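Not measured: the values here are computed from a predicted model. Index from 1, following the sequence.
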Amino acid sequence: MGIKHDAGKPDYTLITKDFLDGLSRVMMFGAEKYGRDNWRTPPLLSKERLCAAIARHLWAIIDGEDVDAEDGIEHRYHIAANVMMMEASNND
């Protein structure tokens, strides 16, 4: 067996393809609606706005709505996209 020094490195095989596909669909919709990487352009989105979006999608799920009416993508992927934007934009 060959040697590969990958101990402690991220194992992306632990993330499902379906999850990544859903997240990608949300980001593609956002790129079309707002422009590619718009969320990375200063001024960055605040934590408050991202949390508000997360809350709206979460409440939609709680209220029994699984799919966003605007784009037909599941709310859970919108939540993941907003969490990713919050992490990536380093809003402190």
Side-chain angles (χ1 to χ4, degrees):
M1 179 181 226
I3 296 173
K4 179 76 173 132
H5 297 286
D6 57 2
K9 293 183 180 177
D11 182 355
Y12 294 103
T13 65
L14 297 170
I15 303 169
T16 67
K17 180 185 177 303
D18 289 342
F19 178 81
L20 292 176
D21 286 349
L23 177 58
S24 180
R25 287 195 327 253
V26 171
M27 298 307 292
M28 289 169 61
F29 177 79
E32 187 172 312
K33 184 174 179 179
Y34 301 109
R36 185 180 181 96
D37 294 329
N38 175 67
W39 58 278
R40 294 183 196 219
T41 305
L44 298 176
L45 297 170
S46 68
K47 280 184 181 179
E48 291 78 18
R49 290 187 74 188
L50 293 167
C51 286
I54 291 166
R56 286 191 298 274
H57 288 287
L58 183 58
W59 277 110
I61 293 170
I62 291 168
D63 288 342
E65 180 183 293
D66 292 328
V67 176
D68 187 277
E70 181 180 7
D71 58 20
I73 303 170
E74 293 88 341
H75 289 290
R76 65 182 176 262
Y77 299 125
H78 283 277
I79 292 169
N82 281 281
V83 170
M84 185 196 72
M85 287 185 277
M86 189 182 304
E87 171 63 25
S89 64
N90 273 329
N91 287 323
D92 289 49

When rounded to the nearest 0.5 angstrom, what is the spacing between CD1 in Ile73 and OG in Ser24? 9.0 Å
Separation between CG of Leu50 and CE of Met84, rounded to the nearest 0.5 Å: 10.0 Å
Value for CD (Glu65) from CD (Glu74), rounded to nearest 0.5 Å, stands at 11.5 Å
Partners meeting salt bridge (charged side-chain N to carboxylate O under 4.0 Å, His left out) with Lys17 (sequence neighbours left out): Asp21
Lys9 to His5 - nearest heavy-atom pair and separation: NZ-O, 3.3 Å
In one Ile/Leu/Val/Met/Phe/Trp/Tyr side-chain cluster, 4.5 Å: Trp39, Met28: no
Let me check something: do Tyr34 and Met27 share a hydrophobic cluster, defined by ILVMFWY side-chain heavy atoms less than 4.5 Å apart, either directly or through other members? no
Among all residues two or more places apart in sequence or in another chain, which pass the ring-ring contact (aromatic ring centres under 6.0 Å, His included) test with His57? His75, His78
Approximate separation, where rounding is to 0.5 Å, of Asp18 CG and Leu23 CG: 12.5 Å
Please round to the nearest 0.5 Å and tell me the distance separating atom CG of Leu20 and atom CD1 of Ile15. 5.5 Å
Are Ile54 and Trp59 connected in a single hydrophobic cluster, I mean Ile/Leu/Val/Met/Phe/Trp/Tyr linked by side-chain heavy atoms less than 4.5 Å apart? yes
When every non-hydrogen atom of Asn82 is compared with those of Ala53, the smallest separation belongs to OD1-CB, 3.5 Å
Atom pair CZ (Arg49) and CE (Met85), whose distance is rounded to the nearest 0.5 Å: 10.5 Å
Just wondering, do Val26 and Phe29 contact through their side chains at under 4.5 Å, heavy atoms? no
Answer yes or no: does atom CG of Leu14 have more than 12 heavy-atom neighbours from other residues, nucleotides or ligands under 6.0 Å? yes
Spell out, as yes or no, whether a donor-acceptor pair under 3.5 Å connects the side chain of Asp68 to the backbone of Glu70. yes
